[in-house]
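Every chain is numbered from 1, with letters handed out A, B, ... down the list of sequences. Reckoned from all heavy atoms, side chains included, excluding hydrogens, waters and symmetry mates.
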Amino acid sequence: MPVITLPDGSTRTYSQPLSILDVAADIGPGLAKSTLAGELDGELHDACDVIHGDVSLRIITPRDEEGLEIIRHSTAHLLGQAIKQLYPDAQMVIGPVIENGFYYDIHYPPGFNHNDLEQIEQRMRDLAQADIAVIKTMTPRAQVLATFSERGEDYKLKLVEDLPEVESMGLYQHADYVDMCRGPHVPHHRFLGSFKLTAVSGSYWRGDSNNEPLQRIYGTAWRNDKELKAYLLRMEEAEKRDHRKLGQQLDLFHFEESAPGQPFWHDKGWLLYSTLLDYMRNKVREHGYIEVQTPQVLSLDFWKYTGHWDKYRENMFVVDESADTSFALKPMNCPGNVQIFKQGVKSYRDLPVRMAEFGKVFRHEASGARHGLMRVQGFTQDDAHIFCTPEQLEDEVIAMCGLINEVYTELGFTDIKVQLSTRPEQRIGSDADWDRAEQALENVCRHLQLDWSLNPGDGAFYAPKLDFQLHDAIGRVWQCGTIQVDMNLPNRLDILYTGEDGEKHRPHMVHRAIMGSIERFLGVLIEHYAGDFPLWLAPVQVMIMNITDTQQAYAKSVHQQLVKAGIRAELDTRNEKVGYKIREHTLQKVPVLIVVGDREVEQQQVAVRLKQGTDLGSMSTTALLELLQQAARPGQNDLQSFCSNHL
RNA sequence: GCCCACAUAGCUCAGGCGGUAGAGCACUCCCUUGGUAAGGGAGAGGUCACAGGUUCGAUUCCUGUUGUGGGCACCA
């Protein structure tokens with residue numbers, strides 16, 4: 001005799017077991033109509049699942065987040081049904097829900113092209129319109145195996161084999177189509193329909209590139225067409241802030257075939273780049289770092305000695321491999337820094353040594369991996385290596401986290417996720433060292449209460465790491481900052497310090513980068529600000545415009561004053577109307593626009609307008625300079641409100 | 001490296017069932033000297049990514065290469 005407790009605390013008692021849908025129907029016909037599934041004691045179940053004992057029940061409808069996920073998951077099955085009707089030889093593999101949608105991996109060697117996708121989508125629409133109920137059957141293992149072998153679903157059979165202890169599985173039948181799933185799924189196709197197939201791509205069985213390739217079809221699915229449309233619009237908007245587009249529009253950089261994966265920085269892009277580097281350079285100096293610079297091309301013998309030739313060869317650009325002495329471009333700065341540490345004898349009194357290098361590294365990438373500024377083949381790291389005693393290790397890591405937080409905050413990032421990546425299969429060093437290094441990082445995560453998660457097996461070949469992740473315009477995650485506790489390189493390269501006891505000891509070494517790759521960080525930054533940089537970062541901070549030729553000399557003198565004071569100002573004395581100039585420089589996202597006409601010349605003033613359109617009125621050049629110098633401090637990210645507070 | 005697309009003027013893009021191409025913006029010149037998001041006129045700009053093949057003829061069709069885009073795998 002089930003007693004069912006609803007979310008509002010009310011209870012309903014029934015004389016016999018009944019399904020979730022029955023309960024919904026008992027509450028009201030409207031609810032029954034929109035019931036997708038139910039949560040029983042915190043666990044999701046299909047609407048048809050029967051309740052035997054006392055439980056708390058929450059009815060899941062499309063309004064719930066879980067409901068949306070169910071719709072997405074079932075849309076993946078709908079895709080499966082369409083595929084099997086159109087391509088009976090295709091074998092379905094796995095079809096999970098992802099952010100905003102779903103995908104399905106399919107074994108179909110001929111592959112799918114865009115036309116196929118359209119046809120599949122049309123078939124899905126037809127099937128969604130049809131009156132098709134989704135029937136769930138808990139099916140004994142033997143029968144599941146029989147069903148899938150009869151249907152030629154080899155991959156489903158393999159998936160069943162992966163569940164040796166499970167006696168029966170949920171099979172979901174959509175008319176002629178059968179899929180296996182943990183569920184829950186929608187009870188009827190009428191919940192499906194607001195979807196769009198978005199992409200076709202390749203993938204691999206079990207995500208391993210050594211396995212056979214599969215076809216993957218991506219789709220997005222929503223509760224209704226309005227949500228779908230809004231999502232598609234969001235994507236379009238996000239694409240407008242793509243750093244590659246803005247890089248072109250704002251004349252920051254370009255790529256060309258002669259140098260794949262290596263940006264040509266234009267003047268404005270380089271201003272941005274060097275502003276960021278200068279900022280970082282000052283920052284680390286304030287935090288007790290020394291800065292060094294090491295060679296870019298080192299002998300292969302050296303890379304064999306460091307272990308990179310063994311573990312990292314395929315990513316290294318080699319110079320003249322056939323010669324007696326061959327060289328390779330440095331893919332990492334760490335060995336060079338160690339060579340500097342090794343000069344002379346180090347005492348415990350010297351530690352910690354915080355050694356920074358803004359070193360340019362080169363990494364040969366698989367052809368499909370390059371991606372604008374986010375994934376290049378030559379990039380500068382804001383790298384540093386901290387050599388310290390074991391006792392200093394955790395404090396040093398804590399200090400780094402503080403520095404990273406400070407920098408990200410000043411640059412306007414707040415949503416930062418941290419991943420602790422532990423030992424990979426391919427690695428060097430003893431398990432005891434890995435244990436200690438991983439433990440140290442975990443301790444710091446807990447101590448600082450970071451927003452962190454574990455990423456097992458994803459560490460570098462020489463060290464576990466904390467990765468700091470930022471998001472790009474369309475939600476992709478990019479690793480920027482990283483902290484790597486390395487107990488291997490000190491051994492391998494045999495670095496020592498003299499302890500208080502007069503004995504030789506092995507220092508710990510921590511690799512760390514805050515922006516990671518300056519190039520990537522700039523890519524994220526461009527998208528983060530949609531090219532609308534705060535004053536302190538803007539490549540061109542001020543544009544000075546005259547109205548007619550008469551004010552040319554005055555405009556030039558104002559420009560000179562600003563440039564002398566260290567403001568990145570430019571002059572536009574072209575024979576164009578002021579409205580035209582304002583439009584152009586607003587589109588170029590110049591933060592401060594200065595107009596000088598006869599009035600300003602007469603009063604020895606300048607008329608100031610912010611890029612957002614705010615008119616700050618007229619002021620003397622001296623007053624403008626004072627304002628700008630204050631407003632252009634690093635971390636001052638809102639010019640508009642700064643000005644309204646200071647005028 | 002793997003799958004699917006794409007590559008036409010400086011930029012954004014159109015076009016051609018095979019007969020060497022077009023728009024808007026930008027650029028140059030002329031007129032205009034105009035007070036806060038596009039004043040007007042004229043002109044110049046292209047080996048249609050590269051290399052083969054088919055063809056009387058290829059920018060267009062086929063193959064390959066390179067690069068780019070979306071993913072997979074790999075990674076900062």
Side-chain angles (χ1 to χ4, degrees), chain A residues 103 105-106 108-117 198-218 239 242 244-245 248-249 251 254-261 312 314-315 331-332 361 363-377 379-383 421 458 460 465 467-470 474 476 478-482 484 511 513-521 523-524 545-552 575-587 593-600 607-611 613-615:
Chain A
Y103 67 77
D105 278 348
I106 303 146
Y108 184 64
F112 300 108
N113 61 31
H114 287 195
N115 288 340
D116 298 333
L117 225 59
T198 51
V200 53
S201 99
S203 65
Y204 302 98
W205 168 238
R206 295 190 199 284
D208 185 339
S209 58
N210 296 314
N211 291 339
E212 59 268 44
L214 303 172
Q215 299 285 323
R216 176 173 297 179
I217 294 177
Y218 284 90
E239 276 167 23
D242 187 309
R244 291 162 298 195
K245 230 169 224 173
Q248 167 88 264
Q249 281 163 14
D251 195 16
H254 83 271
F255 287 93
E256 58 181 58
E257 270 190 65
S258 58
Y312 209 67
E314 60 187 33
N315 286 297
M332 296 183 193
V361 296
R363 298 182 185 176
H364 178 71
E365 297 289 354
S367 62
R370 296 189 295 254
H371 183 99
L373 290 178
M374 304 301 200
R375 190 81 178 270
V376 292
Q377 298 202 114
F379 58 99
T380 299
Q381 292 181 310
D382 62 326
D383 211 353
S421 296
D458 209 35
K465 52 184 186 170
D467 287 329
F468 293 75
Q469 300 179 324
L470 301 175
I474 54 176
R476 285 179 294 208
W478 295 97
Q479 184 185 315
C480 291
T482 186
Q484 311 177 346
H511 311 241
I514 297 175
M515 300 180 185
S517 143
I518 305 294
E519 283 74 2
R520 172 179 295 180
F521 196 83
V524 175
M545 292 161 276
N546 58 341
I547 289 173
T548 67
D549 290 346
T550 337
Q551 306 95 27
Q552 266 210 36
N575 176 12
E576 295 289 352
K577 291 194 170 178
V578 72
Y580 180 90
K581 295 184 187 180
I582 284 179
R583 174 182 157 80
E584 199 160 274
H585 299 122
T586 302
L587 290 173
L593 303 181
I594 301 292
V595 175
V596 293
D598 286 337
R599 266 204 309 275
E600 284 71 27
V608 184
R609 173 192 163 114
L610 300 184
K611 124 186 91 182
T614 318
D615 183 1

Is the shortest heavy-atom distance from the side chain of [X] to the side chain of [Y] under 4.5 Å?
| X | Y | result |
| --- | --- | --- |
| A/V524 | A/M515 | no |
| A/F521 | A/L470 | yes |
| A/N546 | A/V578 | no |
| A/R609 | A/T614 | no |
| A/M332 | A/R363 | yes |
| A/R216 | A/Y218 | yes |

Within this structure, what is the [atom1]-to-[atom2] distance between [X] and [N], rounded to whole angstrom?
| X | N | atom1 | atom2 | result |
| --- | --- | --- | --- | --- |
| A/M374 | B/C74 | CE | C1' | 18 Å |
| A/Y580 | B/G35 | OH | P | 18 Å |
| A/I106 | B/C3 | CD1 | P | 16 Å |
| A/H371 | B/C72 | NE2 | P | 11 Å |
| A/D251 | B/C11 | CG | C1' | 11 Å |
| A/N315 | B/C74 | CG | C1' | 8 Å |
| A/H114 | B/C4 | NE2 | P | 10 Å |
| A/K577 | B/U33 | NZ | P | 10 Å |

Does a side-chain N or O from [X] land closer than 4.0 Å to OP1 or OP2 of [N], or not?
| X | N | value |
| --- | --- | --- |
| A/Q248 | B/U12 | yes |
| A/R370 | B/C74 | no |
| A/Y103 | B/C4 | no |
| A/R216 | B/C4 | no |
| A/R244 | B/G69 | yes |
| A/R609 | B/A37 | yes |
| A/S367 | B/G1 | yes |
| A/K581 | B/G34 | no |

For [X], answer base if it contacts any base atom (sugar-phosphate contacts may also be present), sugar-phosphate if it contacts only those atoms, and nothing otherwise; contact means non-hydrogen atoms under 4.0 Å.
| X | answer |
| --- | --- |
| A/Q479 | sugar-phosphate |
| A/T548 | base |
| A/F521 | nothing |
| A/D598 | base |
| A/S209 | sugar-phosphate |
| A/V200 | base |
| A/G372 | sugar-phosphate |
| A/G202 | base |
| A/K465 | sugar-phosphate |
| A/V376 | base |
| A/L214 | nothing |
| A/A607 | base |

So which nucleotide does [N] pair with, by the Watson-Crick or G-U wobble rule with both distances under 3.5 Å?
| N | answer |
| --- | --- |
| B/A44 | none |
| B/A38 | none |
| B/A5 | B/U68 |
| B/C56 | B/G19 |
| B/G24 | B/C11 |

What's the closest nucleotide to the side chain of [X] if the choices are [options]?
| X | options | value |
| --- | --- | --- |
| A/A369 | B/C75, B/U36, B/A73 | B/A73 |
| A/E576 | B/G39, B/C3, B/C75 | B/G39 |
| A/N575 | B/G70, B/U33, B/G39 | B/U33 |
| A/N113 | B/A76, B/A5, B/G71 | B/A5 |
| A/R363 | B/U36, B/G34, B/A76 | B/A76 |
| A/R520 | B/C75, B/U36, B/C2 | B/C75 |

| query | So, do A/F379 and B/A76 meet the stacking rule of ring centres under 5.5 Å and planes under 30°? | reply |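 Given the distance and angle limits, yes, they stack.
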| query | Starting at the 5' end of RNA chain B and moving along, which residue's nearest nucleotide shows up first, A/T586 or A/G481? | reply |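 Residue closer to the 5' terminus by nearest nucleotide: A/T586.
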| request: Would you kindly compare A/R583 and A/Y218 by the position of their nearest RNA chain B nucleotide and give the one closer to the 5′ end? | output: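 Looking at RNA chain B, the more 5' nearest nucleotide goes with A/R583.
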| field | Cationic N near anionic O, under 4.0 Å, A/D208 to A/R206 | value |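 No, A/D208 and A/R206 are not salt-bridged.
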| task | Give a yes or no on whether a salt bridge exists between A/E365 and A/R375, defined as a side-chain N under 4.0 angstrom from a carboxylate O. | result |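 Here A/E365 pairs with A/R375 in a salt bridge, since their nearest N and O are under 4.0 Å apart.
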| message | As a quick check of understanding, evaluate side-chain contact (heavy atoms from CB on, under 4.5 Å) for A/L373 and A/F255, giving each step before the final call. | response | CA-CA 9 Å; A/L373 290 178; A/F255 287 93; 3.9 Å; yes
Quiz item: [X] side-chain donor-acceptor pair to [N] base, under 3.5 Å:
| X | N | result |
| --- | --- | --- |
| A/E600 | B/G35 | yes |
| A/D615 | B/U36 | no |
| A/Q469 | B/A76 | no |

